Amino acid sequence: MSNTRIYKTIGLLLLIGACIWFIYMVKSILMPFILSLVFAYLLSPLVGFFEAKGLKRIVSVLILYSIFLVIFIGTSIVMIPQIFREVSVLSNSIPEYTATIKGSISSFQQKVEAKYPIIKQKGIFDSTIKNAEQFVNSETSKVPEYLAAIFSMVSIFVLIPFITFFFLLEGKAGIDFIFQKIPPRYTETILSLICEIDESLGNFFRGQFIESSCVGALSIIGLLILGIDYAVLIGIVAGLANMIPYLGPFAGTVPALIVGFIEYQNVTVMVKIVIMFSLVQFIDNNLIQPIILSKGVNLHPVTVIFAIMAGAQVAGVIGMFLSVPLVCIIKVTFMIIIHRKDLI
Amino acid sequence: MALKPTLRNLFIDREFVEKVSFLKNIPIFDGLSNSALGKLTGIMYSKKYPAGELIFEEGKVGKALFIIFDGEVAITKAAGNSEPKIIATHEKGAFFGEMALLEELPRSATAKTTKETTLFLMYKVKFDWFIEKDPRVGLKVIYNIAKVLSGRLRETSEFFAKTV
């Protein structure tokens, strides 16, 4: 290897190292940018639809934003009062729910202590309840911190659409710039790899979005039929949680079970909720998924669970959502490199 | 009256219009509407190649169709130990590597630019996706490719008939 080439390689490695260090240093502000990138990627086919009619990119992006604004305002008029009503009823009902739970625990404690006096003598129940209360209080007090850590409301309503707008507008030119820099003799190979990743990832993201919307809508309908309070809130949570493979459906069921138990205090309702969510999952697995082909990339369950846990460790809730697509990119890239030696 | 062209310039992408009118004259897109050609531009990439640059090599698996928007490309074939032979020279409006849209097999020749050239690339993976989304347009393109290949086969047969 010539000296120039060695210097170039060292320079490149230093540059990559500096970029990684910089990303690590600013990681706390990266989330809105990563989410905007994902949104821009998801929305680019819609911009392409208008571009295919001969419209300029800026006009296409503005049309898309106008459509979303109308949908957002329309949805807000219908959904937001309902969500606010449910949140306000929930916050007003918390003391009542707490009293109900305390009453249930107290009667259960009395029954158990009457049967086994040693439990009362040792104060096992009292200390357990005290510890549990302390734990719940300390964790509940941290909820605002958790929420703030995920992303602020400002990020959701202002920053993300703003950044997404520019990614959509300039993204194509940026990709084209990089494409022109690829050495001509490797163009066919590299672009083929990018196209295959794009296909798999595009199917995955779009599939997840449609699937989650369907699961959310079905859950809301099911919960409304069962007469469970906060059906819209729980349905939205179930839809969002469904994006996390394997763990998501459980995460969506738990809030419904808690609310159902508190509201009706009988096992029948809980069984009905479990059956309803199982039915939603059945419809999802056997009707929705085959139609939308969301399983573009097949990952082993253990890989998915590891990816989700690693994602949660690195970037919290957002990390859980982004970890699986990231593993998809890595898997598709490796599959192409391993199986398509003929390309290189 | 002057408002119409001003509005047109404001909303319509001139580069896109040029691209569509250029593609209209390419035999494999024969009979396609502007709207269909517009959709096809969405799965095409353009790339500038300097003069004397290798585009693809004989024996390497082909993944894309190339359309010459501007410039010149020489197609060469290896001839034992001697210098590769130029078997064709393509100019603006010509296309090559169309078999890559049908099957992933090694290229039968090498393509090299002889001038600074701008090419449009259409990848098999993108084209397969396009056929699924819009089978009517996809079928029309496949039909046109079949017609081009049939014409080339006939030319080759006539050439062999004359030489044998």
Side-chain angles (χ1 to χ4, degrees), chain A residues 44-63 66 169 172-204 206-207 291-293 296 332 335-336 339-344, chain B residues 7-20 34-43 45-50 52-57 59-66 97 100 104-107 110-113 117-119 121-130 132-134:
Chain A
S44 61
L46 294 173
V47 176
F49 171 79
F50 293 112
E51 277 195 305
K53 310 272 175 214
L55 295 171
K56 283 183 179 171
R57 193 156 180 95
I58 175 80
V59 177
S60 306
V61 176
L62 285 173
I63 290 175
S66 307
L169 196 63
K172 199 182 174 190
I175 291 166
D176 196 48
F177 175 79
I178 295 167
F179 179 48
Q180 296 303 331
K181 297 290 166 205
I182 298 171
R185 63 179 59 214
Y186 302 118
T187 301
E188 199 178 5
T189 309
I190 293 173
L191 206 62
S192 167
L193 182 75
I194 292 168
C195 284
E196 289 198 34
I197 293 171
D198 178 39
E199 280 308 297
S200 303
L201 210 60
N203 283 342
F204 179 83
R206 283 183 277 275
I291 294 170
I292 59 173
L293 298 168
V332 172
M335 292 300 281
I336 293 168
H339 293 291
R340 307 236 171 176
K341 281 177 187 161
D342 50 285
L343 278 171
I344 303 158
Chain B
L7 279 177
R8 207 181 141 77
N9 286 340
L10 206 64
F11 291 106
I12 302 295
D13 186 358
R14 269 176 54 192
E15 210 176 293
F16 172 85
V17 175
E18 266 174 42
K19 211 169 170 179
V20 166
N34 281 0
S35 154
L37 288 168
K39 284 181 199 169
L40 280 166
T41 57
I43 56 162
Y45 300 86
S46 76
K47 172 134 178 112
K48 263 190 180 156
Y49 288 76
E53 188 63 56
L54 184 76
I55 301 166
F56 59 72
E57 217 172 339
K60 287 272 167 83
V61 174
K63 302 290 289 177
L65 156 86
F66 295 83
E104 290 177 18
L105 285 175
R107 299 273 191 202
T110 298
K112 223 174 184 182
T113 56
T117 303
T118 305
L119 296 174
L121 285 79
M122 190 154 84
Y123 276 83
K124 183 179 169 9
V125 62
K126 287 274 170 193
F127 185 62
D128 288 347
W129 170 83
F130 184 86
E132 265 180 43
K133 296 277 163 202
D134 199 336

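Fair warning: this is a prediction, and the values are worked out from it, not measured in the lab. The chains referred to below are lettered A, B, ... by the order of the sequence lines, with proteins before strands, and numbering in each begins at 1.
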For [X], is it the side chain, the backbone, both or neither that has a heavy atom under 4.5 Å from a heavy atom of chain A?
X	result
Leu37(B)	neither
Leu121(B)	side chain
Phe11(B)	both

In terms of relative ring orientation, are Phe66(B) and Phe56(B) parallel, tilted or perpendicular, with 30° and 60° separating the classes?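 It falls in the tilted class, 30° to 60°.
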Quick one: are Val61(A) and Phe50(A) in side-chain contact, heavy atoms under 4.5 Å?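 No, every pair of side-chain atoms sits at 4.5 Å or beyond.
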Nearest 0.5 angstrom please: Arg57(A) CZ to Glu51(A) CD, how far?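 The CD atom of Glu51(A) is 4.5 Å from CZ of Arg57(A), to the nearest 0.5 Å.
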Short question: side chain of Lys56(A), backbone of Asn9(B) - any donor-acceptor pair under 3.5 Å?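 Yes; at least one donor-acceptor contact below 3.5 Å.
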Judged by atom type as modelled, is there a donor-acceptor pair below 3.5 Å linking the side chain of Thr113(B) to the main-chain atoms of Pro50(B)?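 Yes: the side chain of Thr113(B) pairs with the backbone of Pro50(B).
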With chain A, which of Gly42(B), Ser46(B), Pro106(B), Ser35(B) has the greatest number of heavy-atom pairs at distances under 4.5 Å?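 With the most close heavy-atom pairs to chain A, the winner is Ser46(B).
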May I ask you to name which of Glu53(B), Lys126(B), Lys47(B) has the most heavy-atom pairs under 4.5 Å with chain A?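 Among the listed options, the one with the most contacts to chain A is Lys47(B).
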